[in-house]
Trainee: 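Just dropping this structure here.
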Amino acid sequence: MSEREVKSLEEIFEARIARDEKIEAKDWMPEKYRLTHIRQISQHAHSEIVGMLPEANWITRAPSLRRKVALLAKIQDEGGHGLYLYSAAETLGISREEMYEQLHTGVAKYSSIFNYPAVTWADMGTVGWLVDGAAIINQVALMGASYGPYSRAMVRICKEESFHQRQGYEILLTLCNGTPEQKEMAQDALNRWWWPSLMMFGPKDADSPNTEQSVKWKLKRKTNDELRQQFIDQTVPQADILGLTIPDPKLKWNPETKQYDWGEIDWNEFWQVVKGQGPCNKHRVEARKTAWEKGTWVRDAAMAYAEKQENKVIKEAI
Ligand code: FAQ
């Protein structure tokens, strides 16, 4: 293709983005657009399946059958989200094996939040409330993403995340209305998860290498800082209802900006966790690798069955 032809395709592409048209898998797209989407969508998919691990830790210890059923359903939903997202990434020309390989070798990232341990039952409430709450704010914006398969996957995911957020909040409401020890457990969980939840939105805009281009391509409809502020403004009143204290002495309502002012994230901690030095990084990647290895026979059996079916169809056609 000549340089002139590429330029004209680029112009058509930019015009489609400007008109808010969805870009579909078979449409022409700049190579960098394709690669950026593979990066973000695959990392998003990895986050969903790695995110199953801290909560799976509590299935056998859920305090009642009702809690166990809800937790199991939530964790299965997260696995489903991973599958929609891997499928969306596959439409951009990467195989699922390559994506898993990138996860297992540390080439691809997944959300920093899942490198923290879930040590008490109150963590199950807090993960639902804060982690799913943060995920919803991020993902509602992504429903408007320009790449069709990603944007459509988000619609279903957001519906399910909102159930997750509520089931988490309800666990905390119960604990906060329970014994002093239960309320203390809820406060301790909030103390540990608050700052890592704010880190989920990524580095400050000024330190985010990808935001500017991703906003131009309408992959990101809002910046990291905008979404983080939205999350804080939405979540603080929910903490008040629970009677819990957000562990940030600088948190204060600002009547002029009509937003909360708040303290400083420990960016050193954030980058340590992103680079693999968080409390559970090694454990999480090992768990995924083991699951992949133990699942070999299932994949082999599924492939053998598919091959057999294909041969049957060919034989019948002859
Ligand atoms: N953790 O330039 P930016 C969930 C990396 S789903 C680790 O700002 P970008 C559901 C970033 O990849 C949660 N790495 O990057 C659930 C980039 O590295 P790279 C996941 C991070 O992509 C709940 C570098 O830093 N959600 O929770 C993080 O424009 C409960 C520079 O950053 C999504 O993935 C981080 N927190 O913006 C499941 C949403 N932040 O690739 C189970 C989709 C940044 O250049 C239980 N993703 N990095 O080497 C996004 O919206 C974006 O990718 C951001 C980062 C906002 C995460």
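Small disclaimer: the values here were computed from a predicted structure and weren't measured. Just the heavy atoms: all of them, side chains too, but no hydrogens, waters or symmetry mates, feed the values below. Indexing begins at 1, ligand by ligand and atom by atom, following the structure's order.
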Trainee: Look at atom 29 (O) of ligand 1 and find which of Gln213, Arg228, His46, Lys220 reaches it with the closest heavy atom.
Mentor: Lys220

Trainee: Can you find an N/O atom of Asp132 closer than 3.5 Å to an N/O atom of ligand 1?
Mentor: no

Trainee: What protein heavy atom is closest to atom 31 (C) of ligand 1, reported as residue, atom name and distance in Å?
Mentor: Pro209 CD, 3.7 Å

Trainee: Can an N or O of Ser214 be found at a distance shorter than 3.5 Å from an N or O of ligand 1?
Mentor: no

Trainee: What about Ile241 and Leu251, same hydrophobic cluster or not, with Ile/Leu/Val/Met/Phe/Trp/Tyr joined at side-chain heavy-atom distances under 4.5 Å?
Mentor: yes

Trainee: Heavy atom of His164 under 4.0 Å from ligand 1?
Mentor: no

Trainee: With atoms numbered from 1 as shown, which atoms in ligand 1 lie under 4.0 angstrom from a non-hydrogen atom of Leu142?
Mentor: 43 (C)

Trainee: Does ligand 1 have any atom that is closer than 4.0 Å to a heavy atom of Val50?
Mentor: no

Trainee: For atom 38 (C) of ligand 1, which of Gln139, Glu78, Lys74 has the closest heavy atom?
Mentor: Glu78

Trainee: Counting only heavy atoms, which portion of Leu227 has something under 4.0 Å from ligand 1: side chain, backbone, both, or neither?
Mentor: neither

Trainee: For Ser208, counting its heavy atoms only, list the atoms of ligand 1 lying under 4.0 Å from any of them.
Mentor: 2 (O), 3 (P), 8 (O)

Trainee: How about atom 54 (C) of ligand 1: does it have a protein heavy atom within less than 4.0 Å?
Mentor: no

Trainee: With heavy atoms only and a cut-off of under 4.0 Å, state how Asn224 meets ligand 1: side chain, backbone, both or neither.
Mentor: side chain

Trainee: Can you find an N/O atom of Glu161 closer than 3.5 Å to an N/O atom of ligand 1?
Mentor: no

Trainee: Distance under 4.0 Å to a non-hydrogen atom of Phe114: what atoms of ligand 1 satisfy this?
Mentor: 4 (C), 16 (C), 23 (C), 27 (O), 30 (C), 38 (C), 42 (C), 46 (C)

Trainee: Checking the N or O distance criterion of under 3.5 Å, is ligand 1 in contact with Val131?
Mentor: no

Trainee: Looking at ligand 1, would Glu55 count as a contact under a 4.0 Å heavy-atom criterion?
Mentor: yes

Trainee: Kindly give the heavy-atom pair with the smallest separation between Lys220 and Asn224, and that separation in Å.
Mentor: NZ-OD1, 2.8 Å

Trainee: Specify the protein heavy atom at minimum distance from atom 15 (O) of ligand 1: its residue, its atom name, and the distance to 0.1 Å.
Mentor: Asn210 ND2, 3.3 Å

Trainee: What residue and heavy atom of the protein are closest to atom 6 (S) of ligand 1, and at what distance?
Mentor: Glu48 OE2, 3.8 Å

Trainee: At a 4.0 Å threshold, what atoms of ligand 1 neighbour a non-hydrogen atom of Gly202?
Mentor: 40 (N), 44 (C)

